[in-house]
Every structure is written in C-alpha cells, then in structure tokens.
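Here the structure is laid out as structure tokens; the discussion comes afterwards.
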Amino acid sequence: MGIIKKLPVYAEKVPGGGIVTTSVEGVLNQARARSLWYLLFGTACCAIELMCTGASRYDFDRLGMIFRATPRQSDLILTAGTITTKMAPRLRRLYDQMAEPRYVIAMGGCTINGGPFYYDSYSVEKGIDHIIPVDIHIPGCPPRPESLLEGCLHLQEKIKKEKLSDWQEK
Amino acid sequence: MTKEQLQTAITEKLGDKMTLLDTGRHDLMYEVKRENLLEVCKTLKEDESLAFDYYLNSHGVDTKEKFEAVYNLASTIHKIRIDFKVILPYDSAEIESVQEIWPGANWFEREMWELYGINILNHDNLTRFLLADDWDKGFPMRKDWDAPGFIRMPEL
Amino acid sequence: MGGLKTEEFIVNMGPQHPSTHGVCRLMLTMDGEIVKKIEPVIGYLHRALEKICENRTYAMCIPISDRFEYVTAMSCNQVFSMAAERLAGIEIPERAEYIRIIMLELNRIASHLIFYGVTAMDIGALTPFLYGFREREAIIDLFEMTCGQRLTYNYIRPGGVSKDLPKEFVPQCRSTIAMIKEKLNDYEGLLNENPIWLARTKGVGYLDPKLAIAYGVSGPVLRASGIDYDIRRDDPYSIYDRFDWKVCTRPNGDTYDRYLIRLDEIKQSIKIIEQALDGLPEGNIKAKISPNFKPPAGENYARVENSRGELGTYIQSIGEKKPLRVKMRGGSFCQLQALPHFGTECFIADLVAIFASLDIILPEVDR
C-alpha cells in the first residue's frame, strides 16, 4: 500500500506529474504475471501438496494466485498428479476450454515422463507434453511446496519477458 | 470367537464342502468347489454360529496354470475373519455372482471380470469401469498379457 | 402448476470438479434440484499399482503402497509390511512397534485434519481449511524430521522401520499433540454449533447401518451409523491392545455425525500417542532380514484401520522374491459403491456435503 499512498505526493512535484509512460506490453505482462489464477485440478498425490501450498503456511495468495474451479476463469493449469490414458482426453478438453493466454505447469514426476514408478504400467500416460504444451516442469514425487513456489516464480519471469507480437500469431 | 472354535463350527456345518488349506497365514484359508459356492456363501452368512455378514474383498489370482477367485469375509458379530478360494481352470473361467448374498460384491466382481476376464454369471451390471472406455487390449492383469508398446520391468 | 410437464435430465459432475476429491465422476439423474439417481464412473486414476507390484520385490513395493493412499501413507506401509511379515514369519522389535503406532496415529490425525478442512470448504466455509492445514503442517514437520518426506514416507518396512527417531522427536511430538488438543476447541467452536453448518449437515444423507454392513462400508462412516466395529480392537494388530482408548460411535448416521466422529477420533488418537510416547522402549528398530527376502509359499490378507476405514492387502507368495499377486482394498471403494443407495432424494448441494463427509479419495478406488 505504501507506493500507492506515496505516489501522488511524488508525482505532483514533477512537472506534468500524474502521467506515467510505459509500454502496453509492460503493463499487460505485469498484470498477467501477478494475477495467475490457477485451475483446481488435482488427480493424485501432488494435489495434496498443491492444497498445502494454497493453505496457511505456504500461502499461494502472496503471488497473486487464487484457485478457480472452472477452466474458463483460469490462466494457469497445474497438472498435479498422474495422468492416465482415460484422463488424458479430459485434460486436453480442460486446456481447450481455457481462454488465451494460458499457461501450464507440469507438477511432479508423473506429468514429466510417467513418474518414477509407473513406467511398466499399462494405463499411465508417459508425460503430458504430448497432450498439452508445458511451460514449466517441476520435478519431485511429490514436489515440495517450496519447489512449486519456485516454479511459479519462474513462470512469472517468463511471462514478464513476453512480447505482444508473440500473441498475434495465435 | 477364536479360530479353533470357527474351525470346529465350519467342520460341523460345512465339513464336506470346505477343505482347509495349509497356505493361509494368520487366518484360516479354505477351498470351495465351484458348484458349491452359492450354498456355502448362504450358510456362511445366514447360519447364526458363523454370521459372516461383512464382505471385505474378493479378487482374482492368475497362477500361470489356473485362476483363483479369493474371497475375504468378516463377521461383525463374532469379530472373526475367514478366507476361501475357488479354483477355476483357464479354459472355463466362470463363476457365480455372490451379490445376492452380499450386495457389496458387485464392484469387486466387476473388477474381476474386467481385469482377468473371469466371467461372472448372473451379475447385473457387467460393464467396463476401471479401464479406458475404448480399451481393446484384452485382460491386463493376466500374467501372459502383452500389448504393443508395453514396457516390461527388467527381470530382477 | 399441476399441469406443467417436467422431465428428468442428466448432470455430469466431474471428473474435474472441486468437490469430488480428485477425479471421480458422478452421472446424476436430476428432477429439478433433486437427485434421483447416482451413477459413479471411476477409473480416471487407474494406475495398475497391483500389476506393478507383481514385478517388484517386497521392499520395492513399499513406495508403491505409499501412492495407493497418499493421505495416510503410513497405514499403507504398515498393512503391506504386516502382510509380508506374516508370510515370512518376521518378528518385529518392540521399539519399532511403538514407533509404528505413534506414526500411524499421527497420520490419522493429519488425515482427519484434511477431512475437517476440505469438507468444510466443500460446504462453503473457507476458514476451517486454513485451520486444518495449519495444524497438519506441524505433524508433517514431525514426519519430515524422521523420514525426510512430507507425504509419501516409505518409512514402515518389513521388519521394522527405516530410521530411528531423532532425539528431538519426542519433545516436539509432545508439544505438537498438546497444541492440537488445544486447537480442537477452536475447531469445535467454529463449526459444532454454527447454524449454517447444522442446517447443511444435520439429518442429511442418512446411512442405514444395515445398508452400511451390506455394502462393506467401514471406518468412521460405519461407526457414525452406530455400529461399534473397529479393526484396531476387533481384529487387533500391532500393539493396540496395550493402550487404553475407546472406539467412538455416533448414533444418527447423518453428515453431522460423520463430521463429529472424526473429531472424537482425533482425541482418541492423541490419547494413544501420549501413552505410546510414555512407554517408548529403547532397543533395535529393525529385524535382521535380507532386502530380497523370499517368504515361503502362502497367502495372507492383512487389514488395518486407517482414517477411511478398512485398508487391506492380500499377498500371495510362491516362494520367490516377488509376490505372485498383490491386491489392495481401500475403504473408499466400498463407500463409493454404497453412495448411490443412500445419497439420492436430496438436493445436489446436499450431495456435495454427503460426498465430502464420506472422505473418499480416488486412488483407493481406482488403484
């Protein structure tokens, strides 16, 4: 709150104060990076760690991340847990329902390559990157909340570097 | 009720239909002939000295020579447990449903049908539920099951 | 309005739905707001854990059992180890038994705290979620200092436990359970007499004890319907018979009782942990067994009481280092099977409350 209170005081002293010049890109990227609403999508063990990260001690809200129950309101999908062949088409569908710009964090070993234990399983999808495009991979089985927070910070950095022209083609 | 008491009660009531096996550890394990299954189950549930009202679990086993259908039961009244199994040959793997006696058997039998291909007779809802809807690769829990692209664990 | 023509329609709830605790899908036949028929569709998390276990040694199966029921992974470790120990005839040192009891009960408290938070969140109260997870983190710290993991522990193994307790464990455990005991008053104060909570849960989703027994419903859900059955007492395993505690029951069988019984069980677990900490002996923590031990041919169905009911593991051995067949049985499987038979004729919002009160998690159902 400090900046918002003090800004008018400083701005008025500057000739022509009250007007800040920046690029549209900068404003959009800042807004996108700091209000990543994630889809509440947890399939297996990682979902519990996702809940822990959203709860009291780790507090996702600090990063501007609030859970949403519907894909139409979310910007980010955290695939927390194993994706099986039966679930894969549903994951694709959820991703398709999200509005652009949308981001994906693959949380846990299962979403990266099928997990440390399931490689001789007949029903586990060996990684989700052939179902949906992934921005950040977070390894671990399950990853600690700290690594999840780290991954989200990396995603924010990535969003801040985006160019408007990147979005024109899509 | 202790295990010895249960064993005497079983010998008394169902001595000719249940054979005690020595493979059971900790709990009693019996073998039941396929044709006696329904009769045995009915007695196990309804006889007051047995009263196995609580259906815990049942599942198939593939021993590479034959199938086994294993049933685990408990009694909430006498606080005792019993296991029994039915041996099914490979070429005629089918068994009567026990869901008339214990309604909870429904999903367990469905799973047995889906993963092992053991046909359940008189089952009211024999439809696919664990595997993907478009699954067409056979019965994955069988020991000789294989599919294109399936990676096996290296031999230990 | 008598002449108005209405017809039933189908609502698809899940597999991605915030209150289906994972990936359960319910096909609901609705008459307006009233649920007429429920058809659970499962299998979205079928990872073939049982098939995987058949290709691994007994020691390698323990991490797989963690993934079977990750909210109370200690119980899964315990039940798998128990089945393997009975097959191989392994005696467990005294200290290991005490450590196991402490871990199992701590894990039960942690799981009930998740229940408390998540159920309240499903019904619409967000604060209990933050409360429950705050206290759970204190328990997770204890697990982390002992075995280094937060969720999937791989701690209880055939023959004992993998590591001894660090020396700070006992004092920190005492202070943690004292803290939870105190916080329980907050929990009760927040919900027990809250009029909205009462309106949403009291008399909702009555589960008849006869129906519960017929469908193999177990654990707190069964005991909330008035049936006095707890595996810890009625088919005793480990050393539960040495402690002074009682089995909690509640008479009404509705959602409110299913909530209260979890808080009762937390109190009983605290009692057990206090006694186990007092009696904790010195000594060995692991029996001497080979990592690739080969149990003689035989079979066994071991079962423990975890926070969702009966957790069973059947292992058949043919004298090799790998099991011939592993079957895992979770309480949620039967609870979900029973749901269509008592969850109907209520509002869809009540169904969410009923579903939450059963505390179903899906890996137990799908495996």
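In what follows, every chain begins at residue 1, and chains take the letters A, B, ... in the order their sequences are listed. Side chains included, hydrogens not; waters and symmetry mates left out as well; all remaining heavy atoms used.
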Ignoring hydrogens, what is the shortest heavy-atom contact between B:Pro103 and C:Ala214? Give both atom names and the distance. CD-O, 3.6 Å
Interchain contact, C:Leu211 with chain B, by part (heavy-atom threshold 4.5 Å): neither
Spatial distance of atom CH2 (B:Trp107) from atom CD1 (C:Ile42) [nearest 0.5 Å]: 4.5 Å
Please classify the contact of C:Glu310 with chain B as side chain, backbone, both or neither, using a heavy-atom distance under 4.5 Å. side chain
So, C:Asn300 side chain and B:Arg25 main chain: donor-acceptor pair closer than 3.5 Å or not? yes
Please look at B:Met29 and chain C and tell me whether the side chain, the backbone, both or neither of the residue comes under 4.5 angstrom of a heavy atom of that chain. side chain
Best-contacting candidate, C:Glu50, C:Lys51, C:Arg56, C:Gln337, against chain B by heavy atom pairs under 4.5 angstrom: C:Gln337
If we only count heavy atoms from C-beta on, is the B:Glu111 to C:Arg367 side-chain gap below 4.5 Å? yes
Proximal component of C:Asp235, with respect to chain B [non-hydrogen, under 4.5 Å]: side chain
In this structure, CG of B:Leu130 is separated from NE2 of C:His46 (nearest 0.5 Å) by 5.0 Å
More than 12 heavy atoms of other residues, nucleotides or ligands under 6.0 Å from CD of C:Glu91: yes or no? no
Of B:Lys143, B:Arg142, B:Arg152, which meets salt bridge (Lys or Arg N to Asp or Glu O under 4.0 Å) against C:Glu54? B:Lys143
Given the options C:Asp234, C:Asn292, C:Ile227, C:Leu45, which has more heavy-atom pairs under 4.5 Å with chain B than any of the others? C:Asp234
Look at the side chain of C:Lys327 and the backbone N and O of B:Asn57, then say whether any donor-acceptor pair between them is shorter than 3.5 Å. no
Counting heavy atoms not belonging to B:Lys42, are there more than 12 under 6.0 Å from its NZ? no
Checking heavy atoms, do the side chain of B:Thr127, its backbone, both or neither come under 4.5 Å from chain C? neither
Side chain, backbone, both or neither of C:Thr57 within contact of chain B (heavy atoms, under 4.5 Å): both
Can you establish whether the number of heavy atoms outside B:Glu94 located under 6.0 Å from its atom CD is more than 12? yes
How long is the span from the NZ atom in B:Lys79 to the CG atom in C:Asp230, to the nearest 0.5 Å? 9.5 Å
Could you walk me through whether B:His59 and C:Met328 satisfy the side-chain contact (heavy atoms from CB on, under 4.5 Å) test, starting with their C-alpha distance in whole Å, then the side-chain angles of each, then the deciding distance to 0.1 Å, before giving a yes or no? CA-CA 10 Å; B:His59 52 90; C:Met328 292 157 174; over 6 Å; no
Hey, does B:Phe108 have a side-chain heavy atom less than 4.5 Å from the side chain of C:Phe333? yes
Within 6.0 angstrom of B:Lys45 NZ, more than 12 heavy atoms from elsewhere: yes
Any side-chain heavy atom of B:Val61 within less than 4.5 Å of one from C:Tyr314? yes
Side chain / backbone / both / neither for B:Leu115 at chain C, heavy atoms under 4.5 Å: side chain
Option in B:Asp53, B:Asn72, B:Asp22, B:Leu56 with maximal non-hydrogen atom pairs under 4.5 Å from chain C: B:Leu56
Could you look at B:Ala132 and say if it's the side chain, the backbone, both or neither that has a heavy atom under 4.5 Å from chain C? neither
Does a side-chain N-to-carboxylate-O contact under 4.0 Å join C:Arg325 and B:Glu68? no
The interface call for C:Arg86 against chain B, heavy-atom contacts under 4.5 Å, is both
So, the part of C:Ile315 with a heavy atom under 4.5 Å from chain B: the answer is neither
Look up atom OH in C:Tyr301 and atom CG in B:Asp83, then write down how far apart they are to the nearest 0.5 Å. 8.5 Å
Could you grab the distance from atom CD1 of B:Ile77 to atom CD1 of C:Ile213, nearest 0.5 Å is fine? 8.0 Å
Flag yes if more than 12 heavy atoms outside B:Lys13 fall under 6.0 Å of its NZ atom; otherwise flag no. yes
What part of B:Arg128 lies closer than 4.5 angstrom to a heavy atom of chain C: side chain, backbone, both or neither? neither
Between B:Gln99, B:Lys85, B:Lys64, which has the largest tally of heavy atom pairs under 4.5 Å with chain C? B:Lys85
Can you tell me how far apart OG (C:Ser218) and OH (B:Tyr54) are? Round to the nearest 0.5 Å. 4.0 Å
Kindly give the heavy-atom pair with the smallest separation between B:Ala74 and C:Tyr229, and that separation in Å. CB-OH, 4.0 Å
Side chain, backbone, both or neither: which part of B:Phe129 has a non-hydrogen atom closer than 4.5 Å to chain C? both
